[in-house]
2 protein chains.
Amino acid sequence: MAEVEAFPVSATDKAVTHLRRLLGSGRLRPGERLKEQELSTEIGVSRTPLREALKLLAQEGLIEVLPNRGARVPLVSESEIDDLFPVMGALEGLAGTRAAAKATDADIDDVRALHYQMAAAWRRRDRATYHRLNREIHDHLLRLADSPTLTRLHGALDARVAGIRFEAEMDGALWDRAMGEHEDMLKALEARNGPALGAVLQRHLETKRETVLAALQEGFAGAGDGQRPV
Amino acid sequence: MAEVEAFPVSATDKAVTHLRRLLGSGRLRPGERLKEQELSTEIGVSRTPLREALKLLAQEGLIEVLPNRGARVPLVSESEIDDLFPVMGALEGLAGTRAAAKATDADIDDVRALHYQMAAAWRRRDRATYHRLNREIHDHLLRLADSPTLTRLHGALDARVAGIRFEAEMDGALWDRAMGEHEDMLKALEARNGPALGAVLQRHLETKRETVLAALQEGFAGAGDGQRPV
DNA sequence: GTTTTCAGAATTGCATGCAATAATCGCCAG
DNA sequence: CTGGCGATTATTGCATGCAATTCTGAAAAC
């Protein structure tokens, strides 16, 4: 067995990872104040690396730090969604264009397999499986685009909406529309038509934007299910 | 006069600003090691906020920090340029599309004024003025796009190539091509043709990519003129 | 009953100290 | 003279302490 590069995870990385999980899982809710003392003891690092982690996540927009007033989980507003999604659309559009150009036959086979599994989940209205496979397909396409910068930026933006539990709220019409767009994606990818794939992805983002906005208006603002009426 | 919100600049902000200037001005050269002690005394803050600043800039890709080995100014490689520019192209394309849709007549007048000043600078081969106005025009368009996320991401990517002194190397043919694209930009903006403006900006980025690559191959790698053969 | 005030507590921002890791340089073998 | 090795030095990573700021809440004023 090859010796694994014994890679000392820094306390800052540990804090970043831990905080990401807290934010993504909804343990920290929008508007909530993040106290350094509290978090540092929970995570098991001192305040210095924790503060570094907070600043890093703030730069990504996942939290916001106010001078002398500590960090908060930002409330996600409609205007932020409207700001965010066009940019994600542009990035995914580029990803699609590149992915179609670079995909090997094997890559396309992989995506096709995921696609048909997802279509099956959609037909039986299995939300959880659908969303898992959906994510896998999008990750796959992004990976095919083969651009670290693209992956990094997209990930940063995606993390901001990850807290919104829009999946649960996805209504039938929007879900069908999304599924239809996925059909078009597969066709464009099979035809290795980059511009078409890019265009579909941009349309798809618009559908996602509407889904997220609907969820937001239903009161699923931000991470967690804390605001759920039951 | 309204009382200005007296806002205390944090030591971290001070360090970030200072480091940005050092990197942008070429005082710190690619490959150079950044020592915390040295920098902190020069900037006048202690190591803690300096370290926060380093991590923030590292997240933007302006520097890289290796575990236990400190921070370095990364060498800019061709592959990084090839990675970066398509993404910037997608962002500027979006900016153009939005800018054309949102611009008021007054906005267009402003851009037109800048454009004709720049054209004059181009005709008399006044590089410095041309590049200043060029930057102003691009900033203006980005501002018209009216998207904080777009501005932020574009700024982060732009900072990475800002250190490369590609302006000095811009050869005649590429310069003329860039100027022609600016003509098209103005036309598209005047016609409020968003897609057209977006497309021009993407083409323009490709021209810039070639310019930067040429400069890189001439040995102007990264910030500063240290590698210049004289 | 509502608002203002102000002392005490809590919290953040930053500097410094100490342990752990990496770089450096002189020394010795070949 | 060159290349490898070990002690010394330099540097990073992190924890902690202290000053400055903000928050809290209870009493006083209206």
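Below, read A as the first sequence line, B as the second, and so on, with proteins coming before strands; counting in each chain starts at 1.
When each of A:Arg69 and A:Thr12 is assigned the nucleotide of DNA chain D bearing its nearest heavy atom, the one mapping closer to the 5' terminus is A:Thr12.
Between the side chains of A:His182 and A:Asn134, a donor-acceptor pair is found at a separation under 3.5 Å. Side-chain contact check for B:Ser79 and B:Asp82: no donor-acceptor pair (N or O, by modelled atom type) lies under 3.5 Å. When only modelled atom types and interatomic distance are considered, A:His204 and A:Glu92 share no side-chain donor-acceptor pair under 3.5 Å.
Of all nucleotides in DNA chain C having an atom under 4.0 Å from a heavy atom of chain B, the first and last in 5' to 3' order are C:dC14 to C:dA23.
Each of A:Arg21, A:Lys14, A:Arg27 was compared with A:Glu42 under the salt bridge (charged side-chain N to carboxylate O under 4.0 Å, His left out) criterion, and only A:Arg27 meets it.
A salt bridge links B:Glu80 with B:Arg160: at least one charged nitrogen is closer than 4.0 Å to a carboxylate oxygen.
By the salt bridge (charged side-chain N to carboxylate O under 4.0 Å, His left out) test, B:Glu32 pairs with no residue at all, sequence neighbours left out.
Here the closest heavy-atom approach between residue A:Ala99 and residue A:Leu141 is recorded as CB-O, 3.6 Å.
A heavy atom lying under 4.0 Å from DNA chain D marks the following residues of residues 42-60 of chain B, by number: B:Arg47, B:Arg51.
Proximity of A:Leu50 to A:Leu19: side-chain heavy atoms (C-beta onward) are separated by under 4.5 Å at one or more points.
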